[in-house]
Amino acid sequence: MDAADLDYRARTLSGCIPPLLVSRLLELGHGKEVEFQAGRGEWFCAREWARLLGDQGRQAEALEVLAPYIATGWWPAARAQAELLESWGRAEEAIALARPYADAARLPLEFFGRLLARHGRRDEALVLLSGGVDDWFLATALVEVSEGTGQDEDIAALLVARIPAQHRCDGPWCCRGLDPDTAIGLVAAIRERQGRIDEAIALLHTRQHVTSVNNHDQLADLLARHDRIEELREYAASEDHGHAAQRLAGVLEERSDVEGAIAVYRQPGDSPARQCHGSVQLAQLLARHGRGDEAIEVMRVLADSPGGAEDWIVDTLCTLYTDQGRAQDGLAYLDTLKARRDGEEEWDFFRMRLQLMADRGLLDEAIEQARVHPEGDTSYAAWTISDLLAETGRTEEAVAVLEAHAPANSVALAGHLINLGRVKDAVAVLQQRESEPVVPVWTGTSPTEPPF
């Protein structure tokens, strides 16, 4: 067992038993197998087995399970043990374990800083995190950890000093490290918790590129939290990504103003992305409120618009047809789409047809059609076919389909084998190793030179 091998397998989920299947093994009563594999270098088994032992009050045994992994010097193992120690009320031991790693990379430092802060050592945490303020990840932790310490102005000053007065970014990745838009967002977060809402709003209006992260817009969320609905409405009308409109519609829906929420999505927008995603969100809103036929009509209009028949859009439409008990109408739509494309139907669209046929009780016919499809002998087609078979209890057939395309579908194959009680076979499939590139252990620090 060594850190590089552990790191490669954990990051790529290759040659190992992944977390989802570890949970499945335990659910089906195969704890002995998980325990056995935990002692043979299966990290996700070891992590879960140690947690279960800790829950049973067998802390010393839990630490013994993790000890060989800790001995490699691999940070994720040290973090997992530190988290267990903290959950057992042994915070000082967790701190002592994590401390040596904090000098090596940003991820251990961020974890260590938050750990210190949770256990009455905020001043030490702030000193450590302040030294990494040029990194957006550590700067974010610094702002969050500093709440309630009385150091808001000092932290804000550190961040403001990193917002260039004259420089204007020409793209979202112009500045490495702590970019101006992120720094502005962090200062705005400080101003909001100080009660200086107008200043926070004004700051967020000055950002150039990064206005939304993970489909959330910080300004829209701030306006919603403080019930500034008219300002949110005005902002939603101009925000290109559509995330502000989504937040506004969400607030109105929470207030039982469904018609108001619908009206938000029906507002015209200049951004194609906003128009497209707004239509999908409108359809989902309508479906949530028992207006499935209207939802289908919204998606039909979108799918029939120029360039609108993308796979994910048609998939959403077909799902709505299924949910409304209109599988036959879904098939008719796919027929129309196929005719527009001179009788061709690539697999991404054909798999939607399979599900609709299965919903109508035509599974055998669907599988026969799948096998003669031009892409029917591919590994991704095998995955789809096996799922349909398994859904109807024909798991042995699902396994046979996937075995012809191993190891490309090893996780799906192993899942079906576990369901059949063939645990040793499943583990053997998962532990098949392909040739691996020689790569250094990832420390949590992003490279600064190509290749990235």
Side-chain angles (χ1 to χ4, degrees), residues 1-91 93-98 100-101 104 107-108 111 115 399 406-407 409-434 436 439-444:
M1 190 186 303
D2 65 76
D5 180 61
L6 287 169
D7 197 66
Y8 177 83
R9 287 191 288 149
R11 284 189 294 108
T12 62
L13 297 182
S14 61
C16 69
I17 306 173
L20 183 64
L21 293 187
V22 173
S23 298
R24 187 67 180 146
L25 286 167
L26 290 169
E27 287 170 10
L28 295 177
H30 300 294
K32 286 296 184 183
E33 184 66 26
V34 173
E35 179 183 13
F36 175 69
Q37 295 297 335
R40 298 185 69 248
E42 285 288 349
W43 165 242
F44 297 114
C45 287
R47 186 178 66 181
E48 187 62 15
W49 192 245
R51 185 191 67 78
L52 289 173
L53 290 171
D55 290 345
Q56 297 168 10
R58 300 160 64 184
Q59 296 177 4
E61 293 175 66
L63 296 180
E64 286 178 13
V65 170
L66 295 180
Y69 299 87
I70 298 289
T72 68
W74 188 45
W75 163 243
R79 172 171 180 154
Q81 180 163 309
E83 289 171 339
L84 283 179
L85 289 166
E86 183 184 19
S87 72
W88 299 338
R90 297 163 62 175
E93 292 176 67
I95 289 170
L97 175 64
Y101 295 87
L107 294 183
F111 174 85
L115 177 63
V399 166
N409 289 320
S410 60
V411 173
L413 173 57
H416 292 316
L417 289 169
I418 289 171
N419 290 340
L420 290 170
R422 296 169 56 184
V423 172
K424 293 296 184 183
D425 291 340
V427 170
V429 166
L430 291 168
Q431 290 179 339
Q432 290 177 5
R433 305 291 293 271
E434 298 181 11
E436 302 167 7
V439 293
V441 177
W442 188 54
T443 62

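All residue numbers refer to positions in the sequence shown, counting from 1. All values below were derived from every heavy atom in this structure, side-chain atoms included, with hydrogens, water molecules and symmetry-related copies excluded.
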Once side-chain contact (heavy atoms from CB on, under 4.5 Å) is applied, do any residues pair with [X], and if so which ones, sequence neighbours excluded?
{"X": "Ala412", "result": "Trp383, Leu402"}
{"X": "Ser410", "result": "Val429"}
{"X": "Ala62", "result": "Ala50, Leu53, Trp88"}

Inter- and intrachain pairs under salt bridge (Lys or Arg N to Asp or Glu O under 4.0 Å), touching residues 61-73, at least two apart: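 Checked against salt bridge (Lys or Arg N to Asp or Glu O under 4.0 Å) - neighbours excluded - the pairs reaching residues 61-73 are Arg58-Glu61.
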
Leu20 CG: over 12 foreign heavy atoms closer than 6.0 Å: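 12 or below, so no.
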
What residues form a side-chain hydrogen bond (donor to acceptor under 3.5 Å, both in side chains) with [X], not counting sequence neighbours?
{"X": "Asp2", "value": "none"}
{"X": "Lys424", "value": "Glu33"}
{"X": "Glu35", "value": "none"}
{"X": "Ser87", "value": "none"}

Which residues share a salt bridge (Lys or Arg N to Asp or Glu O under 4.0 Å) with Arg51, sequence neighbours left out: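 Partners of Arg51 by the salt bridge (Lys or Arg N to Asp or Glu O under 4.0 Å) criterion, ordered by chain and then number, come out as Glu48, Asp55.
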
Candidate pair Leu84 and Leu66, rule side chain to side chain contact (heavy atoms under 4.5 Å, CB included), full reasoning: CA-CA 11 Å; Leu84 283 179; Leu66 295 180; 3.8 Å; yes

Shortest non-hydrogen contact from Leu21 toward Gly415: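 So the two residues come closest at CD2-CA, 3.9 Å.
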
Inter- and intrachain pairs under side chain to side chain donor-acceptor pair (under 3.5 Å), touching residues 15-24, at least two apart: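 Applying side chain to side chain donor-acceptor pair (under 3.5 Å) to every pair that reaches into residues 15-24, excluding sequence neighbours, yields Arg24-Glu27, Arg24-Asn419.
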
Give every donor-acceptor pair under 3.5 Å between a side-chain atom in residues 38-46 and any protein atom, sequence neighbours left out.
residue : atom : partner : partner atom : Å
Arg40   : NH1  : Gln37   : OE1          : 3.3
Glu42   : OE1  : Ile17   : N            : 2.9
Glu42   : OE2  : Gln431  : NE2          : 2.8

Counterpart residues, ring-ring contact (aromatic ring centres under 6.0 Å, His included), relative to Trp49 (two or more places apart):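 If we apply the ring-ring contact (aromatic ring centres under 6.0 Å, His included) test to Trp49, skipping adjacent residues, there are no hits.
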
